[in-house]
Amino acid sequence: MSWWHRLLRRNLMEERLDKELVFHLEQHTSELIAREHDPVEARRLARISLGGPEQVKEKCRDARGTRWAEDLAQDFRYALRTLRQRPGFATVALLTLALGTGATTVMFTVINGVLLKPLPFSDPGRLVLVQEQTDTSTIFGNLWAFAYPNYLDCKRESPL
Amino acid sequence: MATKSDLPQGTLDLLILKVVALGPVHGYAIAQRLQQVSNDVVQVPQGSLYPALHRLENRNLLAADWKETETGREAKFYRLTKKGRAQLETETASWDRLTQAVGLILRMSEGGAK
C-alpha cells in the first residue's frame, strides 16, 4: 500500500490495526486457556503482555509515516473551527492580512516601475538632461526648461 | 531458569526479518517463535513488535496480506520482500562482524593489552 493509500484510507488502516491487535490478544488468550489458565485470568495476562492497546496503536500510527499529514489536516480543521467561533477576530485578522498584502504589493509595484526597471531606451546610461541657463536670476533661479524649437535648432546645427 | 534479557537496541528488526524469512507469518506467531527459539531467554517486547512490523512494512522490507489461518480466522500475514531479503543479509553480516569483534575484545588476555 502506497503512502497516499495509507493517508486516504485512514479508516481502513485503523480498522485493520484494531483487527490485528484483537487477533493477537485472542490467540494469546486461547493459548493460555489451553495451558489451563482461567479464561478471565488468561485474558488479563494476554492484555498485560501486549501493553496498553492505545499506546501500541499510537506507536503503530507513528510507524505508518502519514502522521505529519494527518496532524496537519487536524490542525487546519481546528484553526477553521476556532475562526468560525470568533467572527470578529477572524474579520480583523483577515483585514490586517489583506491590507498588509495590498500595501506591500503597491509599494513593490511603484518601486519596481520607478527605480528597478531600466528606462525604455536602448542605452539609458547616455541620456542627458538639457537646461538653459540665463545670466540673470529670478526667484525661480536661472535654470530653465529647454524649449522644443531650441532643441530643433541645436539638432540642425549639430555636426552629428 | 536463566533471567530474561532485554533485546539490544535495533536487534528486534533483524530478528523479525529473520523469522518472516522462514515463511509468511502473523504477528502473534512471530512473537511466539522468537520466544521459543531463544529458549525464553530473550524478552520480546510485544508492545514494540507491532510498531516494528508496521515500520518495516512502511519501509517496504515486509509486505502483508490478509489471509485465513488454519482455524479459519482472518489474520495479517507478513512476508519478506526482495528489499527485505537484501536487508536481512547485510544486517546479518554486520551483526556477525560486530559480535566477533566484541567477543575478541572481551576474551582479550591480560598480556594482550600491551
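The model shown is predicted, which means the values in this text are computed figures rather than measured ones. We name chains A, B, ... by the order of the sequence lines, and we start the count at 1 in each one.
At a threshold of 4.5 Å between non-hydrogen side-chain atoms, the residues A/Leu50 and B/Tyr28 do not count as touching. Residues A/Phe108 and A/Thr105 are not in side-chain contact: their nearest non-hydrogen atoms beyond the backbone lie 4.5 Å or more apart. Annotation: side chain of B/Asp13 is in contact with side chain of B/Arg59 (closest heavy-atom distance under 4.5 Å). With a 4.5 Å cut-off on side-chain heavy atoms, A/Trp144 and A/Gln133 do not count as touching. Within the 4.5 Å cutoff, the side chain of A/Arg6 has no heavy atoms near those of the B/His54 side chain. Side-chain atoms of B/Ile30 and B/Val20, non-hydrogen and from C-beta on, do get closer than 4.5 Å to each other. Within the 4.5 Å cutoff, the side chain of A/Val56 has heavy atoms near those of the B/Pro51 side chain.
B/Tyr50 and A/Leu45 end up in different hydrophobic clusters when Ile, Leu, Val, Met, Phe, Trp and Tyr side chains are linked at under 4.5 Å. A/Met13 and A/Val22 fall into different hydrophobic clusters, defined by Ile, Leu, Val, Met, Phe, Trp and Tyr side-chain heavy atoms under 4.5 Å apart, directly or through other members. The hydrophobic cluster containing A/Phe23 does not contain B/Leu53, counting ILVMFWY residues as joined when their side-chain heavy atoms lie under 4.5 angstrom apart, directly or transitively. B/Leu34 and B/Leu22 fall into different hydrophobic clusters, where Ile, Leu, Val, Met, Phe, Trp and Tyr side chains are chained together by heavy-atom contacts under 4.5 Å. No chain of hydrophobic side-chain contacts below 4.5 Å, direct or via other Ile, Leu, Val, Met, Phe, Trp or Tyr residues, connects A/Leu94 to A/Phe89.
Among the residues in residues 111-129 of chain A, none has a non-hydrogen atom closer than 4.5 angstrom to a non-hydrogen atom of chain B. The contact list for residues 72-91 of chain B toward chain A, using heavy atoms and a distance under 4.5 Å, reads B/Arg73, B/Glu74, B/Ala75, B/Lys76, B/Tyr78 by residue number. Listed in order of number, the residues of residues 60-85 of chain A that approach chain B to under 4.5 Å between heavy atoms are A/Cys60, A/Ala63, A/Arg64, A/Gly65. Inspection of non-hydrogen atoms places A/Gln27, A/His28, A/Glu31 of residues 27-42 of chain A under 4.5 Å from chain B.
When all heavy atoms are compared, the tightest approach of B/Ala31 to A/His24 is CB-CE1, 4.5 Å. In plain terms, the two heavy atoms of A/Val92 and A/Thr96 that are nearest each other are O-OG1, 2.6 Å. Closest non-hydrogen pair, A/Arg16 versus B/Trp66, comes out as CD-NE1, 3.3 Å.
Interatomic distance, A/Glu132 CD to A/Thr134 OG1, rounded to the nearest 0.5 Å: 8.5 Å.
Residues B/Thr69 and B/Thr71 bring a donor and an acceptor atom of their side chains to less than 3.5 Å of each other.
Of the atoms belonging to A/Leu21, it is side-chain heavy atoms, and not backbone ones, that fall under 4.5 Å from chain B. If you measure heavy-atom distances from A/Gln55 to chain B, you find no contacts under 4.5 Å at all.
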